[in-house]
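Heads up: the structure comes next, in C-alpha cells.
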Amino acid sequence: MSLNAIELKDVKKTFDGSDYVLKGIDLEIKKGALTAIIGFSGTGKSVVLKHILGLYRPTSGQINVLGQDLSQLNNNDLTRFRCQFGVLFQSAALFDDMTVLENVLFPLDEHRRDLSYQRKIEIANEKLRQVGLDPKHFQKLPSQISGGMQKRTGLARALALDPEILIYDEPTTGLDPILTEMVDNLILETHKHRPGITSVMVSHDLHAAFRIADYVAMLDAGKVLLYGTPEDFYNSDIEHVKKFVSKGLRH
Ligand SMILES: Nc1ncnc2c1ncn2[C@@H]1O[C@H](COP(=O)(O)OP(=O)(O)O)[C@@H](O)[C@H]1O
Ligand SMILES: [Mg+2]
C-alpha cells in the first residue's frame, strides 16, 4: 500500500481545448497528513480539488486516490468513491429547510441504507457533539444559529460517513479573525483525533496553512511551484514563493 493517499501525475486540464488551467500537476499527498494547498487566486486550487473528487476528468495525466486509478471509474463508481470523502466548502452549504440534525443525517440516509434510523440518529448526534455543538441547537434551522455553528454543522456532516479523506476549500474565507482561528483549530483537532485520516485544505491564509499543516503545496499558473514543510517555505529561495510568503504574512 502506498504511503500516499492521493497522487497526481502530470495532470493537465483545459476546459476550452486551448487554454490550460492545469499545466502538468505532480503532487503526492501523504496518507495521515494535513496538507495545505496555497497560491494566488485563479491558479487552479479548486480545480485540483475537483479532480481529486472525480468531479472533473483530466485532459491528460493520472490521478490515483487510495490506490484507485480514477480513470477506471465510471460515473456510478464515482458516486460510491466519493463516500470516502468529507467535504467542507467556503459556505457551509447547509440545507436551509432542514434542522442541524437533519443536515447531518442527510448523507447517512443517502448512503447508509444498511443502518437503522435509530443508529443513524445516534451517529448524527455523536458527530455534532464531536465538533463541539451543544445539543440544544440540534433541532434549529441553519438560519437560527451563528456562522461558527453553521461551520461546525457543515463539518459534522462532512464527518458523517467516517471519511478517509477530508477536503476543505477556503474554509475560512470571509470570516472574521476570531471565527477563522476557531475554524482552523477545529480542522486541526478534527485531524488529530482521527489517526490515519488525510486532510487537504485549500487556503489563502498563510498563517493558518503554516501553523496547522504538515505539508504545503504552492500552486502557481497551473503547476506546483513548491511542495514541502512550512519550514521549506520559510527557507525557500524561489522569488515567487518569497513574494507570496512575505505578502501573506504581512497582515
Ligand atoms: N468549469 C470551468 N470551466 C471553465 N473554466 C474554469 C472552470 N472551473 C475553473 N475554471 C478556471 O480555472 C482557473 C482556476 O480556477 P480555480 O481552481 O477556481 O482557482 P483557485 O486557485 O482560485 O481556486 C480560473 O481561471 C477559472 O476561471
Ligand atoms: Mg478556489
Side-chain angles (χ1 to χ4, degrees), residues 1-8 11 27-35 37 46-58 62-95 98-131 133 142 150-171 186-187 189-202:
M1 188 66 187
S2 167
L3 292 175
N4 298 321
I6 301 166
E7 294 174 350
L8 288 87
V11 169
L27 183 60
E28 296 183 342
I29 293 179
K30 289 186 177 53
K31 213 171 174 181
L34 199 172
T35 298
I37 300 177
S46 295
V47 170
V48 165
L49 289 187
K50 285 176 181 161
H51 277 82
I52 291 170
L53 289 163
L55 294 168
Y56 290 158
R57 302 242 185 212
Q62 277 122 46
I63 303 168
N64 194 293
V65 177
L66 300 171
Q68 176 73 58
D69 174 356
L70 296 202
S71 70
Q72 303 299 312
L73 302 182
N74 64 29
N75 288 345
N76 277 340
D77 299 331
L78 280 174
T79 304
R80 224 167 308 128
F81 161 80
R82 278 188 212 110
C83 291
Q84 302 175 99
F85 290 95
V87 183
L88 188 65
F89 292 112
Q90 181 178 346
S91 78
L94 301 173
F95 301 110
M98 290 187 192
T99 65
V100 163
L101 186 71
E102 286 166 350
N103 264 281
V104 183
L105 269 175
F106 186 81
L108 292 159
D109 277 337
E110 288 283 293
H111 299 288
R112 295 303 306 270
R113 303 248 157 92
D114 56 312
L115 298 177
S116 70
Y117 181 69
Q118 201 45 49
R119 182 68 195 121
K120 286 188 273 196
I121 294 275
E122 276 170 26
I123 295 172
N125 272 287
E126 183 189 309
K127 300 301 174 193
L128 282 164
R129 275 195 302 268
Q130 282 172 5
V131 299
L133 208 69
Q150 290 174 6
K151 289 277 176 185
R152 289 183 198 269
T153 306
L155 183 56
R157 189 176 62 186
L159 292 169
L161 299 174
D162 289 320
E164 299 277 331
I165 301 177
L166 273 172
I167 302 262
Y168 303 91
D169 195 355
E170 307 261 8
L186 191 57
I187 291 169
E189 289 305 309
T190 301
H191 182 78
K192 278 192 186 157
H193 287 149
R194 287 172 178 71
I197 202 166
T198 304
S199 302
V200 183
M201 173 180 73
V202 162

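Between the Arg152 side chain and the Leu133 main chain, no donor and acceptor come within less than 3.5 Å of each other. Judged by distance alone, with hydrogens and angles left aside, the side-chain atoms of Gln68 form no donor-acceptor pair with the main-chain N or O of Val65 at under 3.5 Å. Under a 3.5 Å cut-off, the side chain of Asn4 and the backbone N or O of Glu7 do not form any donor-acceptor pair.
Listed by chain and number, the residues in a salt bridge (charged side-chain N to carboxylate O under 4.0 Å, His left out) with Arg119 are Glu122 (sequence neighbours excluded). For Glu110, the side chain to side chain contact (heavy atoms under 4.5 Å, CB included) partners are Phe106, not counting sequence neighbours. For Glu28, there are no salt bridge (charged side-chain N to carboxylate O under 4.0 Å, His left out) partners two or more places apart in sequence or in a different chain. With sequence neighbours excluded, the residues satisfying ring-ring contact (aromatic ring centres under 6.0 Å, His included) with Tyr56 are Phe15, His51. For Leu8, the side chain to side chain contact (heavy atoms under 4.5 Å, CB included) partners at least two apart in sequence or on another chain are Ile6, Val11, Ile25, Leu27, Val48, Ile52, Ile63. In this view, Arg157 and Asn103 satisfy the side-chain hydrogen bond (donor to acceptor under 3.5 Å, both in side chains) rule, not counting sequence neighbours. Asp169 meets the side-chain hydrogen bond (donor to acceptor under 3.5 Å, both in side chains) test with Ser46; sequence neighbours excluded. The side chain to side chain contact (heavy atoms under 4.5 Å, CB included) test applied to Pro163 returns Leu166, not counting sequence neighbours. Considering only residues two or more places apart in sequence or on other chains, Arg112 meets the side chain to side chain contact (heavy atoms under 4.5 Å, CB included) condition with Leu108, Asp114, Leu115, Leu161. Scanning for salt bridge (charged side-chain N to carboxylate O under 4.0 Å, His left out) contacts around Lys151 gives an empty result, with sequence neighbours left out.
Here the CG atom belonging to Leu66 is positioned 7.0 Å from the CZ atom belonging to Phe81, to the nearest 0.5 angstrom. In this structure, CD on Glu170 lies 11.0 Å from CD1 on Ile37, to the nearest 0.5 angstrom. The CG atom of Leu53 lies 10.0 Å from the CG atom of Leu78; values are rounded to the nearest 0.5 Å. Distance check: Asn125 CG to Lys120 NZ gives 14.0 Å after rounding to the nearest 0.5 Å.
Using a 4.5 Å heavy-atom threshold, the side chains of Lys127 and Leu105 count as separate. Arg82 has its side chain out of reach of His111: every pair of non-hydrogen atoms, C-beta onward, lies at least 4.5 Å apart. The shortest distance between side-chain heavy atoms of Tyr168 and Leu155 falls below 4.5 Å.
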Table please: side-chain donor-acceptor pairs of residues 195-202 below 3.5 Å, with sequence neighbours left out.
from, atom 1, to, atom 2, distance (Å)
Thr198, OG1, Gly32, N, 3.1
Ser199, OG, His191, ND1, 2.7

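Here the closest heavy-atom approach between residue Ala5 and residue Ile165 is recorded as CB-CD1, 4.5 Å. Here the closest heavy-atom approach between residue Ala156 and residue Leu128 is recorded as CB-CD2, 3.7 Å. Here the shortest heavy-atom pairing between Thr153 and Val104 reads O-CG2, 4.1 Å. The two atoms that bring Leu186 and Val131 nearest to each other are CD1-O, 3.8 Å, heavy atoms only.
Among residue pairs with one or both ends in residues 62-81, none qualify as salt bridge (charged side-chain N to carboxylate O under 4.0 Å, His left out); sequence neighbours excluded.
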